[in-house]
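It should be emphasised that the depicted structure is a prediction, and the values quoted were computed from it without experimental measurement. First listed ligand is number 1; within each ligand, the first listed atom is number 1.
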Amino acid sequence: MAAQVVDGKAIAGAIRREVQAETQTLAAKRGRRPGLAVILVGEDPASVTYVRNKVKACEEVGIKSVQIHRPATVAREELLDIIHGLNKDETIDGILVQLPLPLHIGERSILEAVDPAKDVDGFHPSNLGGLLTGNPFFVASTPLGIMEVLDRFGVVVEGKHAVIVGWSTIVGKPTAFLLLERRATVTVCQEWTRTLAQHTQQADILIVAAGKPGLVREDMVKEGAVVIDVGINRVEGRLVGDVDFASVSPKASVITPVPGGVGPLTVAMLLKSTLMAYKARNAPKK
Ligand code: GUN
């Protein structure tokens, strides 16, 4: 049986409309729109495109966006000054530092400087810790997008075996904790995992975020598995995922394509997190 192919654009559109409606109502009441600051360092073409998409999406739903662009040679101190300024800025609810950063900057020191109450990407240790201890506040957008797909397709997570390929702090690790919280049995594989296929073949839910085009083929997937492809790879000018869509889709029950699967959801979930930050910052203090 052919898989249900996830239309990430349509789901993202629905989420964006919800965010837009709530943003309009709240901004009219409070006399201030939510604000997101996006920091981009350098000219990495993928990062430039991601940031452009995020800024455009903000404007479309009525969120104010401020883009701060510095060359790859920027000093760590300058970035820290920018973040400290944004932390204090009352018109900014969310701060996002586009990754990766140039090596000399030290990614962690920058991410840790962001006020956890404005950390819409969920990369600050206190937000990562909240997720680990079962009290999540901000969670990274891609893992949230993955959970949205599972929920919208009625995928029961409890008791299922979820296998994640890729252990990044942006996708693999937070997704593992979200799934554990929902009572899945979770296996996390990485590039050093021997016998990768033996693990992926066990998956009821297979999430692939390894950044390796065509890594998962038909023989690595169980009949009826839910397959979420988070890979975005440019091959001969085309965008492809980590899963060989043509051979795997006849075997899967649900599958996300690339492009048009998880990607649009990541941006939509960022908008939702920015609105959440705005609502929390304007909430009366207890
Ligand atoms: N680079 C790749 N994915 C992401 C993401 O979700 N957030 C940020 N800030 N940078 C990224």
Geometric N/O contact L99 with ligand 1, under 3.5 angstrom: yes
E223 with K251: basic N within carboxylate O range, under 4.0 Å: no
Q98 N/O under 3.5 Å from ligand 1 N/O: yes
Nearest-neighbour protein heavy atom for atom 6 (O) of ligand 1, which is reported as residue plus atom name and distance: I170 CG2, 3.9 Å
Short N-O contact, D7 and K9, less than 4.0 angstrom: no
Residues, nucleotides or ligands: over 12 heavy atoms within 6.0 Å of R183 CZ: no
Residue portion contacting ligand 1 (non-hydrogen atoms closer than 4.0 Å) for V97: backbone
ILVMFWY cluster membership beyond L239 - transitive side-chain contacts under 4.5 angstrom: Y50, I232
N or O contact, T142 vs ligand 1, cut-off under 3.5 Å: no
Nearest neighbour in protein (non-hydrogen) for atom 7 (N) of ligand 1: D121 OD2, 3.2 Å
Distance filter under 4.0 Å to L96 heavy atoms, resulting ligand 1 atoms: 9 (N)
Under-4.0 Å salt bridge between E90 and R281: yes
Identified side-chain contact (heavy atoms from CB on, under 4.5 Å) partner of I39 from the options V74, L96, L79, V66: L79
